[in-house]
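Atom set for the values below is all heavy atoms of this structure, side chains included, hydrogens, waters and symmetry mates excluded.
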Amino acid sequence: MKKIITIIIISLLLLSCKISGLTNDYSKLTENNKSKIIPLESFENLDIDKIYKISGKQLRSEIAKHEKSLVYIFKNGCTSDLCKPMFVYENYANQNGYTLFLVMEGYGNLEDTFEQRNNFTSQLFSINTDLYDSKYRAVYSRMFENELLGNDINYKPKIYLGNLFFFEGNQLIKIAHELPKH
């Protein structure tokens, strides 16, 4: 019986090393990709080849400076029907007068986003998980969104509203799962 329990525990430990998406998966990146991820100091003079780690507060402050903003919080390599290529969000933003903010929840499948890089020019950001008191994606993403929306950081919404946030100035207009169809 002890052997079976030991085998199960070892199997679970090995499996947990391969699961992506529970945390930000930074430790699974190559050194080259890690070097591309830096904390945001200012929204001025951004380098398109970098990914800037930001907080919800930083993003909310920047959004207030723009007439209209669209924040898309996404998972790299998402295969859901609700996930579109980055250029789709960029085209929508450009055609509708939005400043676009593309924010990664984590770094798993980062190469999938890099493969699209020839098709869009918007800056990439990521949630600065160092600023939140959790290593778990579900928790730090909620805290980031709470800061973005001006809610108490520990607020727990009853339902998931979406990952597209539409703002006019610093006023949230709507949250959606999909881009509106015109």
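- Checked against salt bridge (charged side-chain N to carboxylate O under 4.0 Å, His left out), Lys135 has no partners two or more places apart in sequence or in another chain.
- For Ser134, there are no side-chain hydrogen bond (donor to acceptor under 3.5 Å, both in side chains) partners two or more places apart in sequence or in a different chain.
- Counted by atom type alone, Glu111 and Asn33 present one or more donor-acceptor pairs between their side chains at under 3.5 Å.
- Contact of the Glu145 side chain with the Ile73 side chain is registered, since non-hydrogen atoms from C-beta on lie closer than 4.5 Å.
- Using modelled atom types and a 3.5 Å distance limit, the side chains of Asn24 and Thr129 yield a donor-acceptor pair.
- Using a 4.0 Å cut-off between charged side-chain N and carboxylate O, Lys36 and Asp49 make no salt bridge.
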Quiz prompt | Worked verdict on Tyr160 versus His177 for side chain to side chain contact (heavy atoms under 4.5 Å, CB included) | solution = CA-CA 9 Å; Tyr160 175 71; His177 292 281; 3.4 Å; yes
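- Residues Gly169 and Ile63 approach most closely at O-CG2, 3.1 Å, considering heavy atoms.
- By the side chain to side chain contact (heavy atoms under 4.5 Å, CB included) test, Asn154 pairs with Met143, Asp152, sequence neighbours left out.
- When the salt bridge (charged side-chain N to carboxylate O under 4.0 Å, His left out) test is applied to Glu178, the partners found at least two apart in sequence or on another chain are Lys181.
- Under the side chain to side chain contact (heavy atoms under 4.5 Å, CB included) criterion, Leu172 pairs with Leu149, Phe165, Phe167, Ile175, sequence neighbours left out.
- Shown here are the ring pair (Phe, Tyr, Trp, His ring centres under 6.0 Å) partners of Phe43, two or more places apart in sequence or in another chain: Phe125.
- The salt bridge (charged side-chain N to carboxylate O under 4.0 Å, His left out) check on Glu31 picks up Lys34, with sequence neighbours excluded.
- Residue Leu124 is tested with Ile51, Leu46, Ile48 for a side chain to side chain contact (heavy atoms under 4.5 Å, CB included); the sole match is Ile51.
- Evaluation of the disulfide bond (SG atoms under 2.5 Å apart) test over residues 130-161, restricted to residues two or more places apart or in two chains, returns none.
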Under 3.5 Å donor-acceptor pairs involving side-chain atoms of residues 78-87, not counting sequence neighbours:
unit_1 : atom_1 : unit_2 : atom_2 : d
Ser80  : OG     : Leu82  : N      : 3.0
Lys84  : NZ     : Asp81  : O      : 2.8

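- With a 4.5 Å cut-off on side-chain heavy atoms, Leu164 and Phe166 count as touching.
- The closest side-chain heavy-atom distance from Lys53 to Asp130 is below 4.5 Å.
- At distances below 3.5 Å, at least one donor-acceptor pair connects side-chain atoms of Ser35 with backbone N or O atoms of Asn32.
- Scanning all heavy atoms of the two residues, the minimum distance from Arg137 to Thr23 falls at NH2-O, 3.3 Å.
- Using a 4.5 Å heavy-atom cutoff, the side chains of Val71 and Leu148 are in contact.
- In this structure, the side chains of Val103 and Ile127 come closer than 4.5 Å at one or more pairs of heavy atoms.
- Partners of Ser126 by side-chain hydrogen bond (donor to acceptor under 3.5 Å, both in side chains), not counting sequence neighbours, listed by chain and number: Tyr107.
- Within the structure, salt bridge (charged side-chain N to carboxylate O under 4.0 Å, His left out) pairs that include any residue of residues 62-80 comprise Glu62-Lys65, Lys75-Glu105 (at least two apart or interchain).
- Annotation for Lys57 and Glu147: closest pair N-OE1, 3.4 Å, computed over non-hydrogen atoms.
- Screening residues 128-158 for ring pair (Phe, Tyr, Trp, His ring centres under 6.0 Å), with sequence neighbours left out, gives no hits.
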